[in-house]
2 protein chains.
Amino acid sequence: MTSQEKIGSYVDRFIRLTGEEKFEFTSRFKETRVKKRQFIVQPGFVPKYRYFVIEGSLRAYVVGDEGKDHTIQFAIEDWWISDYDSYIHQQPASMFVVALEDCVLMQISFEDEQILKASNHKFETFFRQKSELATAFLQRRIVTNLTRSASERYAIFVETFPELVQRVPQYALASYLGITTQFLSKIRNQKSR
Amino acid sequence: MTSQEKIGSYVDRFIRLTGEEKFEFTSRFKETRVKKRQFIVQPGFVPKYRYFVIEGSLRAYVVGDEGKDHTIQFAIEDWWISDYDSYIHQQPASMFVVALEDCVLMQISFEDEQILKASNHKFETFFRQKSELATAFLQRRIVTNLTRSASERYAIFVETFPELVQRVPQYALASYLGITTQFLSKIRNQKSR
DNA sequence: AAAAAAAGTGAAACCAGATTAACTTTTACC
DNA sequence: GGTAAAAGTTAATCTGGTTTCACTTTTTTT
């Protein structure tokens with residue numbers, strides 16, 4: 001299955017397209033390959049693309065005043081990633097997005113995305129639905145962060161994203177949960193008893 | 001200015017509509033008035049409506065296992081409110097949404113919203129844009145919560161929503177920031193020196 | 001394969017923010 | 001307008017999670 005086909009079958013989950021429409025849609029995307037540790041978004045630069053992950057994993061994070069990392073988002077196969085706030089406003093990013101493994105991505109430029117959305121009601125619907133899911137997801141994360149202790153948050157993460165726990169480094173997971181690696185270490189070996 | 005006109009002029013900020021389209025859009029909304037302390041969303045019930053605030057203020061919150069409130073969102077004039085996660089999935093809510101002051105709201109039902117979005121590309125665009133802004137906003141909140149101390153979060157809130165600071169009770173603000181009222185009290189009188 | 005760098009672990013001291021509790025002020029309501 | 005309930009304040013004590021530091025393991029580079 002080509003990357004075009006993969007993004008095509010992803011879109012099928014949301015909207016029903018004719019063969020021609022699917023071609024119009026997927027041909028706006030371009031495949032890119034990035035190596036582990038390579039950055040696709042960096043603070044200060046306007047993020048020109050939104051990325052769909054065909055293969056590999058990535059991590060979006062900010063660096064606080066004190067110099068510490070804070071993970072905002074992970075992405076693996078079938079997920080999207082960018083610095084959304086900066087991307088949709090086309091303003092300089094405040095985040096890094098880095099490959100945690102070698103990746104195959106499909107990228108679409110901001111302009112091409114605008115063209116797609118303007119050209120076809122269904123494409124607009126697709127992006128609206130995707131954005132609503134993102135909103136709901138972020139809201140759940142806020143609720144969890146407000147209502148749960150560190151070890152509960154870890155348990156919920158393991159439950160929700162068992163695959164990610166295997167694939168992302170501990171320091172990235174700890175900073176996603178809003179704790180230090182040392183404390184995560186403690187939590188994990190309390191569990192294992 | 002009627003409530004219809006107010007929601008009409010709000011929509012103008014996002015999309016350009018003909019007079020007829022604007023009528024189609026706004027006439028799907030219905031004015032409702034709620035008194036202070038009245039609930040418009042409650043856990044266990046599917047939220048049938050999304051609300052646009054014409055006048056007054058509201059608060060969305062969850063109650064954690066320990067019985068404490070955690071404020072997820074505020075809304076004042078020109079803002080929208082509901083339990084989005086439950087609304088878009090049409091599943092029983094996990095939040096309360098309560099009026100902090102007497103309110104005038106415009107409500108749209110889930111079904112009418114679907115009809116609007118399906119009937120006109122521009123309406124779909126409107127909801128997509130609104131959802132993208134919400135996503136960007138929630139992402140910024142997550143970043144702030146991960147990277148800032150309680151007193152920094154308070155300062156940022158005051159800076160960003162000076163009006164809300166005047167209008168919402170301290171306990172609601174504290175629980176939005178993820179701290180106790182006692183600690184907020186401490187922060188405030190440290191500032192005032 | 002060795003050396004260096006990055007990631008992960010464990011434990012002691014510490015601190016931001018929670019808890020408890022007693023009190024004051026404001027708001028709601030008969 | 002008086003009284004009860006809700007909201008806000010202040011202070012002492014406690015705790016979940018951080019910091020610092022020394023060590024081990026894994027990964028990367030040469």
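By convention in this document, chain letters (A, B, ...) are assigned in the order of the sequence lines, proteins followed by strands, and residues within each chain are numbered from 1. All of these numbers come straight from a predicted model, not from anything done at the bench.
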Which nucleotide in [options] has an atom nearest any side-chain atom of [X]:
X: Gln182(A); options: dG17(D), dT20(D), dA18(C); value: dT20(D)
X: Ser149(B); options: dG16(D), dG17(C), dG8(C); value: dG17(C)
X: Pro169(A); options: dT19(C), dG17(C), dG8(C); value: dG8(C)
X: Phe183(A); options: dT10(D), dG17(D), dT19(C); value: dG17(D)
X: Gln170(A); options: dT9(C), dG17(C), dT18(D); value: dT9(C)
X: Lys36(A); options: dT10(D), dG10(C), dT28(D); value: dT28(D)

Does OP1 or OP2 of [N] have a side-chain N or O of [X] closer than 4.0 Å?
X: Asn189(A); N: dG10(C); result: yes
X: Lys68(B); N: dT19(C); result: yes
X: Thr180(B); N: dA18(C); result: yes

Practice prompt. Answer with yes or no after comparing the ring centroid distance for Phe161(B) and Phe74(B) against a 6.0 Å cut-off, counting only values under it.
Written response: no
Item to complete: Assess the pair Trp80(A) and Tyr87(A): is the distance between their ring centroids shorter than 6.0 Å?
Response: no
Please give, in whole Å, the distance from [N] [atom2] to [X] [atom1]?
X: Lys35(A); N: dT29(D); atom1: NZ; atom2: P; result: 12 Å
X: Leu173(A); N: dG8(C); atom1: CG; atom2: P; result: 9 Å
X: Arg167(B); N: dT26(C); atom1: CZ; atom2: P; result: 21 Å
X: Ile187(A); N: dG10(C); atom1: CD1; atom2: C1'; result: 15 Å
X: Gln190(A); N: dG16(D); atom1: CD; atom2: P; result: 10 Å
X: Lys186(A); N: dT9(C); atom1: NZ; atom2: P; result: 14 Å
X: Leu146(B); N: dT18(D); atom1: CG; atom2: C1'; result: 15 Å
X: Leu100(A); N: dA6(C); atom1: CG; atom2: P; result: 16 Å

Worksheet item: Does Lys30(A) come within less than 4.0 Å of Asp112(A), counting only side-chain N to carboxylate O?
Response: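 A salt bridge is absent here (no side-chain N lies under 4.0 Å from a carboxylate O).
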Item to complete: Establish, yes or no, whether the cationic atom of Arg141(A) lies under 6.0 Å from the six-membered ring centre of Tyr176(A) and within 45° of the ring axis.
Response: yes
Discussion item. Heavy atoms only, 4.0 Å cut-off, all strands: where does Tyr171(A) land among base, sugar-phosphate and nothing?
Written reply: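 Touches sugar-phosphate only.
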Practice prompt. Just call it for Ser151(A): base, sugar-phosphate, or nothing, with non-hydrogen atoms closer than 4.0 Å on any strand.
Written response: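 Nothing, no nucleic acid heavy atom in range.
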Worksheet item: If you pin Ile179(B) and Arg37(B) to their nearest nucleotides in DNA chain C, which one's is more 5'?
Response: Ile179(B)
Item to complete: Assign each of Arg153(B) and Ser185(A) to its nearest nucleotide of DNA chain C by heavy atoms, then name whichever residue's nucleotide is nearer the 5' end.
Response: Ser185(A)
Practice prompt. Name the orientation class of the two ring planes belonging to Phe96(B) and Tyr61(B) (parallel below 30°, tilted from 30 to 60°, perpendicular beyond 60°).
Written response: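 Phe96(B) vs Tyr61(B) ring planes: parallel.
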Practice prompt. Return the minimal non-hydrogen interatomic distance between Thr135(A) and Ala134(B), and the atom names on each side.
Written response: CG2-CB, 4.0 Å
